[in-house]
Number of protein chains: 2
Amino acid sequence: MSDSTRDRIINVADALFYQKGFEHTSFSDIANSVGISKGNFYHHFKTKDEILNAVIDFRLFRTRELLNAWHTSEAEPDKRIQCFIKILITNRAKIKLYGCPVGTLTTELGKLSHPLLVDANKIFTLFKDWLASQFEELGKCKSESEALAMQLLARSQGSATIASAFGDEEFLYEEVESHVRWLNEIK
Amino acid sequence: MSDSTRDRIINVADALFYQKGFEHTSFSDIANSVGISKGNFYHHFKTKDEILNAVIDFRLFRTRELLNAWHTSEAEPDKRIQCFIKILITNRAKIKLYGCPVGTLTTELGKLSHPLLVDANKIFTLFKDWLASQFEELGKCKSESEALAMQLLARSQGSATIASAFGDEEFLYEEVESHVRWLNEIK
DNA sequence: AAGATGTTAGGATGACCGTCCTATTTTGTC
DNA sequence: GACAAAATAGGACGGTCATCCTAACATCTT
């Protein structure tokens, strides 16, 4: 991502939406954090939904890149699934503070009945479909692969929520161990 | 709970905080929904934090009642744990729409850096300690019981979040089945 | 019945927010 | 270098919100 003003806005908004939530983040918050005026901000994004839309697109892009990276760095599907499981550890510090960026955004947009909820959910679907395809490569049938992908998504979500609620980073390590054991049992 | 104005306010606020989130619910929202004036509302609760505090206390009270009910209706600790597991089914319709009331509130208050986050987390602790004591009755040592309680909390949280994100009520049934199987394996 | 206390209504206030507008500066093009 | 286009600044606007105030009404006590 370049350092154009537009991209800097998206980067800052991405972080603030994660840390403070979408509704609790104001235009001024973002503009101040980027170091630009409100007028300049408005030149790039006319409405709050526009910036939210850009952030979601950015997250979708980053997620695809992440999945591609795992796909090329790991040859075996179970190793790839382990990459997913271990993001809880990679991002443990932020998860402890702010929970899972995907889960917390979709939950908030759901309560706001926000029209862009549909798009935010695409990030979940991206992970789900990718996980399902890995389980298929492991030899599972299509329907079971779907179910296993949903299960693993749910487990990761729960680990993040509870680690955040109890401010317990260590819990994430225990959960990752448990998820890896689960993976080894079913494969 | 009686039908005094104060109690009616708490009931409505409880529901609205769950459905729309704390920040997205205004004084007017609550007053209108109860059918009283803003001035009347103010007579009972001076600040938004005061009503949030009352709602949290109410939820703590209701949670204690729920746990006591399970304690008296079920003689065996594993049956009691099953009661906890099955709230996902009991509340499936609302969970699909709004997620878990405990998890979504603590997540939101966390992002707001709200001083009452500490109190909201007590609801989680209530469930955790109660679950841990049930696992102890099952014969587990104290530290393992704590760990199992956290695991089960996390699993339930994850199931609720994913069911809500995908609008998938059926998923809750599959998850409850899976959690019950897990319980039977470890006991 | 009368005064005191609790309850309700409805509007005022000041702050903040999303949005919009205008003027100025910078950048790019020929 | 001149001109168009893009970028930036800063403030205006209408709305909503939490909070507060005052007055009217109801209930209770004696």
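Chain A is the first sequence line, chain B the second, and so forth, proteins listed ahead of strands; every chain is numbered from 1. Only this structure's heavy atoms are used, side chains among them; waters, hydrogens and symmetry mates stay out.
Side-chain N or O atoms of Lys128(A) include none that pairs as donor or acceptor with a backbone N or O of Glu146(A) at under 3.5 Å. Side-chain atoms of Glu108(A) come within 3.5 Å of backbone atoms of Phe22(A) as a donor-acceptor pair (strictly under, hydrogens ignored). In this structure a side-chain-to-backbone donor-acceptor pair under 3.5 Å is present from Tyr18(B) to Gly99(B).
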Atom pairs under 3.5 Å: protein N/O with N/O of nucleotides 22-29 of chain D:
none

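Taking the side chain to side chain donor-acceptor pair (under 3.5 Å) definition, one finds that Arg62(B) meets it with Asp14(B), sequence neighbours left out. By the side-chain contact (heavy atoms from CB on, under 4.5 Å) test, Asn68(B) pairs with no residue at all, sequence neighbours left out. Lys94(B) pairs by the side chain to side chain donor-acceptor pair (under 3.5 Å) definition with nothing, not counting sequence neighbours. Evaluation of the ring pair (Phe, Tyr, Trp, His ring centres under 6.0 Å) rule for Phe45(B) yields no partner, not counting sequence neighbours. For the side chain to side chain donor-acceptor pair (under 3.5 Å) test, no residue two or more places apart in sequence or in another chain qualifies with Ser164(B).
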Enumerate, atom names and distances included, each donor-acceptor pair closer than 3.5 Å involving a side-chain atom of residues 172-179 of chain A, sequence neighbours excluded.
from, atom 1, to, atom 2, distance (Å)
Tyr173(A), OH, Arg92(A), NE, 3.1
Glu175(A), OE1, Ser159(A), OG, 2.7
His179(A), NE2, Ser159(A), OG, 3.4

Please list every donor-acceptor pair under 3.5 Å in which a side-chain atom of residues 23-35 of chain A meets a protein atom from a residue at least two apart or in another chain.
from, atom 1, to, atom 2, distance (Å)
Glu23(A), OE2, His24(B), ND1, 2.7
His24(A), ND1, Glu23(B), OE2, 2.7
Thr25(A), OG1, Leu16(A), O, 3.4
Thr25(A), OG1, Gly21(A), O, 2.7
Ser26(A), OG, Ser28(A), N, 3.4
Ser26(A), OG, Asp29(A), N, 3.1
Ser26(A), OG, Asp29(A), OD2, 3.3
Asp29(A), OD2, Lys20(A), NZ, 3.2
Asp29(A), OD2, Ser26(A), N, 3.0
Asn32(A), ND2, Ser28(A), O, 3.2

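Residues of residues 23-39 of chain B that place a heavy atom closer than 4.0 Å to DNA chain C, in numerical order, are Ile36(B), Ser37(B), Lys38(B), Gly39(B). Across residues 106-120 of chain B, not one residue has a non-hydrogen atom less than 4.0 Å from an atom of DNA chain C. Contact check of residues 43-56 of chain B against DNA chain C (heavy atom, cut-off under 4.0 Å) returns His43(B), His44(B).
Within 4.0 Å of Phe41(A), counting heavy atoms only, lies no atom of the nucleic acid at all.
Within 6.0 Å of NZ on Lys142(A) lie no more than 12 heavy atoms contributed by other residues, nucleotides or ligands. Around atom NZ of Lys46(A), more than 12 heavy atoms belonging to other residues, nucleotides or ligands sit under 6.0 Å away.
Checked options Leu117(B), Ile56(B), Asn121(B); the residue passing with Leu105(B) is Ile56(B) (criterion: side-chain contact (heavy atoms from CB on, under 4.5 Å)).
Between Tyr42(B) and dT19(D) there is no side-chain N or O to OP1 or OP2 distance below 4.0 Å. Neither OP1 nor OP2 of dA7(D) sits under 4.0 Å from any side-chain N or O of Asn40(A).
In this model, a donor atom of one side chain and an acceptor atom of the other lie less than 3.5 Å apart for Asp7(A) and Ser4(A).
On the nucleic acid side, DNA chain C has its first and last nucleotide under 4.0 Å of a heavy atom of chain B at dT7(C) to dA12(C), going 5' to 3'.
Of the charged side-chain nitrogens involved, at least one lies within less than 4.0 Å of a carboxylate oxygen, so that Arg80(B) and Glu137(B) count as a salt-bridged pair.
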